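Written out below as structure tokens is the structure these notes cover.
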Amino acid sequence: MSLPRVRFAPSPTGYLHVGGARTALFNWLFVKRHRGVFVLRIEDTDKQRSTDAHTQVILDGMRWLGITWDEGPYFQGDYAERHKADAERLLAAGKAYKDFLTTDELAEARSRIEASGGTFRYDRATLGLSAEEVVRREAAGAPYAIRFEVPQEEIAWDDAVHGRISWQGRDIDDFIILRSDGSAIYNLAVVSDDIAMRITHVIRGDDHISNTPKQIALYRALGAPQPVFAHVPMILGTDGKKLSKRRAAAAVGDYQDMGILPAAMRNFLALLGWSPGQEEIVSEPEMIARFALEDIQKKAAVFDTTKLEWMNGQYLSALPGSELLAPVTRQLQLLGVEWGNRDLLGVITAAKTRARTITHLAEQVAVRLDGSRVVRDEKGVALVAKMGERFPAALRLATVALQEVEWNPTAIEAALKALAEREGLKLGDVMQPIRVALTGGTVSEPVHELLAVIDRDDALRRLAATAAT
RNA sequence: GGCGCUAUCGUCUAGAGGCCUAGGACACAGCCCUCUCAAGGCUGGAACACGGGUUCGAAUCCCGUUAGCGCUACCA
């Protein structure tokens, strides 16, 4: 195989859909595996919906995921002349014809046939105008669309993920390739561009399977070699319906906002519809080394956010705190937290194994930096209620006991254990009040580490203040 | 309606005729560890849509049924 050229061709509709992102990822993995070329083409033919801002969102999403492209972005709208020329070439070759029926006439014929219980098919013989009528309208300068004459033959291909798929030409209506305003219809534009850009492998969503025979017919009529097609399954929401922005987080940006790491998102997406074997956490080089179109699942997959978060937690705790510095900082700024010259890195490192998302981690960090942000959760409130007077008492004792202690985890732990023994308290009755006072909840790193990560003065002041209320 | 695609635990999947009393992961339950939680370890429940073939033997091959999805636009 000569070097493959693939393309990812999103429409700029305002966001990068996770399904699109995964299609892009599969294209990317394939190209990296075979050292090919990734072409990015923005399909902005729908002028009403396309804007530069929309395009930007898609590019940002791809960059965030680390999906890089080698050529482009090209804009389909820039190739209108070529599309038109291709349509006219087909017309001249007798492989397409002029259709003078107006959209109204077409709609009327359609509703008439469907009203009588029939199935509307475009049929040149019955819908086409008489020869005289065509001549008359053409002479009058009436507008016309160009319709492709679908050959009455078998159209089949060996799909890289599905195997052989076969259609009969007679099941496909002659479809319009050029509108009466001279602009190309999707199927022509795509084929024209893919030929011009010498695309060898078309890897796209399987909602395009039914477009494929039309496109193959166009490749044949245009005398161009046919690329390899690989149709990857869709991504569904938990409700089993196509993942949509209305019902769930369907945009890559949504997950970025939730505090998902790009590497985790990439890993999760790759494993939706593809599997390298038994492992769940797969590094990028490993993915590239093992990726094959033939291993892609045929069945649609449900996007399970819970598993994504688990995976993100794995990446989070495996990542050195230093690499979390930038994203956490960004979240803290969003939360309006100040940390002055405090050891942010230390706090992040202490809190990261218990967090599943950056957002969650940042909240944990915020509480350790700023006592005023402590809000008691349900379990915290319950514990305070249950302990009654013993709660502030424990805090008072701890405040005193920690006064002269060297501020490191080992010394703090020793001091608290000694305190518990001296007072005849269970260790938990000393530790839990401190945890609740400092974080508001009953979940955190070991208490001595928690204390050490907070400044001595700050920690003692917060304990005393909580004891006093 | 027509045409096409799909069908393994709740979810993501392994499985390319015997290695399957169907394996792993998430989630769930229990236990261990522990001041708590997370992580980790161990244990448990949980699936080959249904019906026919083919074969000595089928989750794997063929046919049908059912269900879901896609397309059927001068949308992309």
Side-chain angles (χ1 to χ4, degrees), chain A residues 9-13 43-46 48-50 76 99 101-103 106-107 110 114 117-122 143-147 159 162 165-168 170-173 175-187 189-190 205-214 231 233-234 236 238 240-242 268 271-281 294 297-311 313-314 317 351-356 379 383 413 416-417 420 425-436 439 441-448 450:
Chain A
S11 299
T13 50
E43 311 222 309
D44 59 344
T45 343
D46 187 346
Q48 274 78 34
R49 291 193 293 169
S50 306
Q76 190 159 62
D99 178 4
L101 241 34
T102 65
T103 46
L106 222 36
R110 196 189 315 276
E114 281 169 1
T119 301
F120 178 82
R121 295 287 318 267
Y122 185 84
Y144 59 85
I146 297 181
R147 211 175 262 279
D159 196 278
H162 291 270
I165 299 180
S166 164
W167 295 66
Q168 294 302 326
R170 73 175 117 83
D171 289 327
I172 304 168
D173 284 4
F175 55 96
I176 286 173
I177 52 177
L178 202 74
R179 298 184 185 91
S180 47
D181 69 1
S183 64
I185 285 295
Y186 172 76
N187 280 310
V190 166
D206 69 12
D207 46 338
H208 285 292
I209 286 180
S210 329
N211 283 142
T212 307
K214 297 178 185 175
H231 288 97
M234 322 226 66
L236 273 23
T238 329
K241 302 270 182 229
K242 192 173 168 180
F268 180 75
L271 261 46
L272 224 45
W274 176 72
S275 168
Q278 301 270 281
E279 301 87 68
E280 302 292 323
I281 306 294
E294 291 69 27
Q297 192 87 20
K298 298 182 181 75
K299 183 181 61 162
V302 173
F303 193 100
D304 180 8
T305 312
T306 309
K307 188 164 182 177
L308 204 211
E309 288 187 0
W310 164 78
M311 194 171 273
Q314 296 288 309
S317 31
K352 75 184 168 104
T353 50
R354 253 153 292 260
R356 287 205 149 189
K379 287 187 175 169
L383 185 99
E413 186 179 18
L416 290 174
K417 282 190 169 162
L425 292 168
K426 280 191 292 183
L427 204 47
D429 285 342
V430 177
M431 300 297 201
Q432 281 298 69
I434 298 175
R435 175 151 28 225
V436 171
T439 69
T442 56
V443 176
S444 86
E445 64 270 42
V447 166
H448 52 278
L450 171 67

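Values in this document were obtained by computation on a predicted structure and should not be read as measured data. We name chains A, B, ... by the order of the sequence lines, and we start the count at 1 in each one.
Using atom P as the reference point in both B/C56 and B/G51, the two lie 23 Å apart (nearest Å). Separation of the P atoms belonging to B/A27 and B/U11 is 16 Å when rounded to the nearest angstrom. Taking atom C1' in both B/G4 and B/C9, the straight-line distance is 29 Å, to the nearest Å. Across B/U60 and B/G15, the matching C1' atoms stand 8 Å from one another, rounded to whole Å. To the nearest whole angstrom, the two C1' atoms, one in B/C62 and one in B/G17, are 14 Å apart. Spacing of P atoms, B/C50 relative to B/C33, comes out at 44 Å, to the nearest Å. Remark: the separation of the P atoms in B/A38 and B/C26 is 14 Å, to the nearest Å. Here the separation of B/U13 from B/G18, taken at their C1' atoms, is 23 Å to the nearest Å.
Which of B/A76, B/C74, B/C37 sits closest to the side chain of A/Val443 comes down to B/C37. In this structure, the nucleotide among B/U13, B/C35, B/G70 sitting nearest to the side chain of A/Gln432 is B/C35. Of the candidates B/U13, B/A76, B/G4, B/A76 carries the atom nearest the A/Ile185 side chain, counting heavy atoms from C-beta on. Distances were taken from every side-chain heavy atom of A/Tyr186 (C-beta onward) to each of B/U36, B/A76, B/A25; the shortest belongs to B/A76. Comparing B/C74, B/C26, B/A76 by their closest approach to the side chain of A/Gln76 singles out B/A76. Checked against B/C74, B/A76, B/C35, the side chain of A/Thr103 finds its nearest nucleotide in B/C74. Comparing B/C37, B/A25, B/U72 against the side chain of A/Lys307 picks out B/A25 as the nearest. Listed nucleotides: B/C3, B/U13, B/G4. Nearest to the side chain of A/Asp171: B/C3.
In this structure, the side chains of A/Lys214 and A/Tyr186 stay at 4.5 Å or more apart for every pair of heavy atoms.
Counting distance only, with no hydrogens placed and no angle test, the side-chain atoms of A/Lys298 and the base atoms of B/A7 include no donor-acceptor pair under 3.5 Å. Between the base of B/A27 and the side chain of A/Asp304 there is no donor-acceptor pair shorter than 3.5 Å.
The side chain of A/Arg354 places no N or O atom within less than 4.0 Å of a non-bridging phosphate oxygen (OP1 or OP2) of B/U36. Distances shorter than 4.0 Å separate none of the side-chain N or O atoms of A/Arg435 from OP1 or OP2 on B/U34. For A/Gln314 and B/G40, the shortest distance from a side-chain N or O to OP1 or OP2 is below 4.0 Å. Contact annotation: A/Lys299 reaches the phosphate of B/U8 (side-chain N/O to OP1 or OP2, under 4.0 Å).
As a whole-Å value, the separation of A/Ile281 CD1 from B/A39 C1' is 13 Å. Taking atom CG on A/Leu416 and atom P on B/U36, their separation rounds to 15 Å, with Å as the unit. Distance CH2 (A/Trp310) to P (B/C28): 13 Å, rounded to an integer number of Å. Atoms CH2 (A/Trp167) and P (B/G2) sit 14 Å apart, rounded to a whole Å. Atom NZ of A/Lys241 and atom P of B/C69 are 4 Å apart (whole Å). Remark: P of B/U72 and CG of A/Asp207 are 11 Å apart, rounded to the nearest angstrom. Nucleotide B/A73 holds its C1' atom 15 Å from the CD1 atom of A/Ile177, rounded to whole Å. At whole-Å resolution of the value, CZ in A/Arg356 and P in B/A27 are 5 Å apart.
Here A/Ser166 lies in heavy-atom contact (under 4.0 Å) with sugar-phosphate atoms only. In this structure, A/Ser317 reaches neither bases nor backbone, as no heavy-atom distance under 4.0 Å exists between it and the strands shown. A/Asp429 comes within contact range of no nucleotide atom at all, as no heavy-atom separation falls under 4.0 Å. Base engagement by A/His448 is indicated by at least one non-hydrogen atom pair under 4.0 Å involving a base atom. Within the nucleic acid shown, A/Gln168 has no heavy atom closer than 4.0 Å to any nucleic acid atom. At a threshold of 4.0 angstrom between heavy atoms, the contacts of A/Val302 are confined to the sugar-phosphate backbone, with no base atom among them. Residue contacts shown for A/Glu279 are absent, as no nucleic acid heavy atom lies under 4.0 Å away. Looking at heavy-atom distances under 4.0 Å, A/Ile209 makes contact with sugar-phosphate atoms alone, never a base. A/Gly205 comes within 4.0 angstrom of no nucleic acid atom, judged by non-hydrogen atoms across all strands. Contacts of A/Pro233 with the nucleic acid, taken as non-hydrogen atoms under 4.0 Å apart, are absent.
Both A/Asp173 and A/Arg179 lie close to RNA chain B; mapped to their nearest nucleotides by heavy-atom distance, the more 5′-ward contact belongs to A/Asp173. Taking for each of A/Leu236 and A/Ser444 the nucleotide of RNA chain B with the nearest heavy atom, the 5'-most of the two is the partner of A/Ser444.
Of all the heavy atoms in A/Leu236 and A/Ala300, the pair that sits closest is CD2-CB, 3.7 Å. When every heavy atom of A/Pro233 is checked against every heavy atom of A/Asp206, the shortest pair comes out as CA-OD2, 3.3 Å. The two atoms that bring A/Leu272 and A/Phe303 nearest to each other are CD2-CD1, 3.8 Å, heavy atoms only. Heavy atoms only, all atoms of each residue included: A/Met431 and A/Val447 are closest at O-CG2, 3.5 Å. The nearest pair of heavy atoms linking A/Val443 to A/Thr439 is O-OG1, 4.4 Å. Contact between A/Glu279 and A/Leu271 at its shortest, heavy atoms only, is O-CD2, 4.1 Å.
Under the Watson-Crick or G-U wobble criterion, with both distances below 3.5 Å, B/G1 is paired with B/U72. When both distances must be under 3.5 Å, the Watson-Crick or G-U wobble mate of B/G57 does not exist. Nucleotide B/U36 forms a pair with no other nucleotide shown, judged by Watson-Crick or G-U wobble geometry with both contacts under 3.5 Å. The pairing partner recorded for B/U6 is B/A67, the criterion being a Watson-Crick or G-U wobble arrangement whose two distances lie under 3.5 angstrom. In this structure B/A16 sits in no base pair that meets the Watson-Crick or G-U test at under 3.5 Å. Pairing for B/G44 goes to B/C28, judged as Watson-Crick or G-U wobble with the two contacts each under 3.5 Å.
Remark: A/Asp159 engages no residue in a salt bridge (Lys or Arg N to Asp or Glu O under 4.0 Å) (not counting sequence neighbours). Evaluation of the side-chain contact (heavy atoms from CB on, under 4.5 Å) rule for A/Pro10 yields A/Phe8, A/Leu40, A/Ile42, A/Ile58 as partners, not counting sequence neighbours.
One finds the CG atom of A/Leu383 at 8.5 Å from the CG atom of A/Asp429 (value rounded to the nearest 0.5 Å).
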